[in-house]
K.L.:
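Handing you a structure now.
Letters A, B, ... mirror the listed sequences (proteins, then strands); counts begin at 1.
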There are 2 protein chains.
Amino acid sequence: MTFLKAEQPQLFKDHAYKEIKKAIIQHQIEPGSMLYERSLSESLGISRTPLKLALQQLELEGWILSVPRKGISVKTINKQDVDEVFQLRKANEVLAIELLIPLLNHETIDKIEKADEQLYDFREDPLKFVYYDSSFHLLLAELSQNHRLYQLIHNLTDQFNWFRFAALKAGQSVDEIYYEHKLMIEGLKTRNVRQTTEAVLNHIDHAQTIIANLIDNEENPMTH
Amino acid sequence: MTFLKAEQPQLFKDHAYKEIKKAIIQHQIEPGSMLYERSLSESLGISRTPLKLALQQLELEGWILSVPRKGISVKTINKQDVDEVFQLRKANEVLAIELLIPLLNHETIDKIEKADEQLYDFREDPLKFVYYDSSFHLLLAELSQNHRLYQLIHNLTDQFNWFRFAALKAGQSVDEIYYEHKLMIEGLKTRNVRQTTEAVLNHIDHAQTIIANLIDNEENPMTH
DNA sequence: ATATGGCATCTGGTATACCAGATGCCAATG
DNA sequence: CATTGGCATCTGGTATACCAGATGCCATAT
């Protein structure tokens, strides 16, 4: 029995992983640009060993491409990448809904409504809206009680946010999406799997359309 | 233009990853047992740096648990783990079917039937049967043309195989599952999404029942 | 002018030395 | 006898030196 919290030590690899991923998602690092272990480790103030671990995680999650003895680059994306991510999101967020609904109770419904209110507060602030929209989807995944599913959706929403930051930079707003959440919540409150599923699919499809148009239309630094 | 094949160099980390994962799946390493970086690196004949990369990949994929400065252990599993893996398998293999069917042609159907014949050849050899059954499911994932989905199903079927090796060790055979493939193939050949989906779900449910019983029934080294 | 060979210098990959937290034994102390 | 403090020795984490493949420049040869 241990009372003094064995707080997890902050490992350099985790810190590096978060920092680099954030920089990629927020487009502080452009897709296609090279990363160099030596200069990165220097700017992060750590050695190459924990940095390599961070980079490998990013590679396994599909953010960067590492070619042995040649170099590491931030991945560029094309329409197929967008399609793949959205196909997976749809199937797995629907799964989360199906698992979640039989588990709902007053407490969890309350949590969901609270999360949605937070979202509403930031409907005019695109950056924060992106953040809280993800939180909303992640909350549903968490309440599905399938931890592997949560991890998967987490990864997919991160990738989605990457696309989305590009849309924001390009001046496109996706804020009207907020109102689609209302339909999802109504479906959840009435434990209606079909209504909720449809609302989720509409919600995701709507986002996909916006992103797909952005990717298709022109040369932009995300595509190769 | 490069004609001389730029064959990917064999990296030590990949070799170590494959070897350790194989040992875990085939239960040469028992769940719950500890792994030590120094002795592992020695027995693999590599240093700790590439080994750490291999171990981290195994951790990210859920095979092992690493506690900073304390140790690394092979994960034990419980009924919830089994449920999680099978929930994900069902949703995502159904997705693969839905994506695959509109893409089918003579060539791909031929591939699928060939794979099934190979499977039939090993219906009496449980070890090889496990291998070719996975190949069959992976082929369907591959033909869905969603690479992320392929990777996901690959990971899930590997975890499934881990369960399955335990079933084989416990003397339970799951070979009758072969005949369920026939129904899947018929559905595919007639491009019938509903029939194929149902066959896949039955197929996976059948396997889940066998594994769940094994986990539930008794103390065995997989559970904690 | 062009093709080529070799070297300087990039890159990531690997091995290893060292650091710090965790643990358990055991002697010193009450 | 029970408790405690400290040290020996485990563990993984980190920093760093070195190795080898990849690349491009430039001198040289044709």
K.L.:
Atom CD in B:Glu59, atom NZ in B:Lys75: separation rounded to 0.5 Å?
P.N.:
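Interatomic distance, B:Glu59 CD to B:Lys75 NZ, rounded to 0.5 Å: 7.5 Å.
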K.L.:
Does the side chain of A:Gln208 reach to within under 4.5 Å of the side chain of A:Lys90, using non-hydrogen atoms?
P.N.:
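The answer is yes, as the side chains (C-beta and beyond) meet within the 4.5 Å cut-off.
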K.L.:
Below 6.0 angstrom between ring centroids: does that apply to A:His147 and A:His154?
P.N.:
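Centroid distance A:His147-A:His154: not below 6.0 Å, so no.
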K.L.:
Would you please classify the geometry between the A:Phe122 ring and the A:Tyr132 ring as parallel, tilted or perpendicular, with 30° and 60° separating the classes?
P.N.:
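Geometry flag for A:Phe122 against A:Tyr132: parallel rings.
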K.L.:
Which whole-number value in Å describes the distance from A:Leu44 CG to D:dA15 C1'?
P.N.:
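So the CG-C1' distance, A:Leu44 to D:dA15, works out to 15 Å.
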K.L.:
Can you measure A:Ile46 atom CD1 to D:dT14 atom P for me and round it to whole angstrom units?
P.N.:
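Interatomic distance, CD1 of A:Ile46 to P of D:dT14: 8 Å.
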K.L.:
Mind listing the N/O atom pairs, protein and nucleotides 5-11 of chain C, below 3.5 Å?
P.N.:
none

K.L.:
Measuring to OP1 and OP2 of C:dG13, would you say a side-chain N or O of B:Lys13 lies under 4.0 angstrom away?
P.N.:
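It does not, given that no N or O in the side chain of B:Lys13 lies less than 4.0 Å from OP1 or OP2 of C:dG13.
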K.L.:
B:His137 and B:Glu93: side chain to side chain donor-acceptor pair (under 3.5 Å), yes or no, with the steps?
P.N.:
CA-CA 8 Å; B:His137 287 263; B:Glu93 293 210 23; 2.7 Å; yes
K.L.:
Could you state the atom-to-atom distance from CG of B:Leu51 to P of D:dG12 in whole Å?
P.N.:
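In whole Å, D:dG12 P lies 9 Å from B:Leu51 CG.
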K.L.:
Rounded to whole angstrom units, what separation is found between the CG atom of B:Leu11 and the C1' atom of C:dA15?
P.N.:
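Rounded to the whole Å, the gap is 15 Å.
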K.L.:
To the side chain of A:Arg48, which of C:dA15, D:dG12, D:dA17 is closest?
P.N.:
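Given the options C:dA15, D:dG12, D:dA17, the side chain of A:Arg48 is closest to D:dA17.
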K.L.:
Rounded to whole angstrom units, what separation is found between the OH atom of B:Tyr17 and the C1' atom of C:dG13?
P.N.:
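Rounded to whole Å, this separation is 20 Å.
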K.L.:
Return the value, rounded to whole Å, for the distance between atom CG of A:Leu53 and atom C1' of D:dA15.
P.N.:
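Rounded to whole Å, this separation is 13 Å.
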K.L.:
Measure the distance from NZ on B:Lys52 to P on C:dA15 and round it to the nearest whole Å.
P.N.:
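Checked: the NZ to P distance equals 14 Å.
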K.L.:
Apply side-chain contact (heavy atoms from CB on, under 4.5 Å) to A:Ser134 and list each qualifying residue two or more places apart in sequence or on a separate chain.
P.N.:
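Listed in chain order: A:Asn161.
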K.L.:
Ion pair present between B:Lys114 and B:Asp110, side-chain N to carboxylate O less than 4.0 angstrom?
P.N.:
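Salt bridge present between B:Lys114 and B:Asp110.
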K.L.:
Whole Å only: how far is the CD atom of A:Gln10 from the P atom of C:dG21?
P.N.:
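So the CD-P distance, A:Gln10 to C:dG21, works out to 15 Å.
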K.L.:
Any side-chain N or O of B:Ser47 under 4.0 Å from OP1/OP2 of C:dA15?
P.N.:
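B:Ser47 to C:dA15 OP1/OP2: side-chain N or O found under 4.0 Å.
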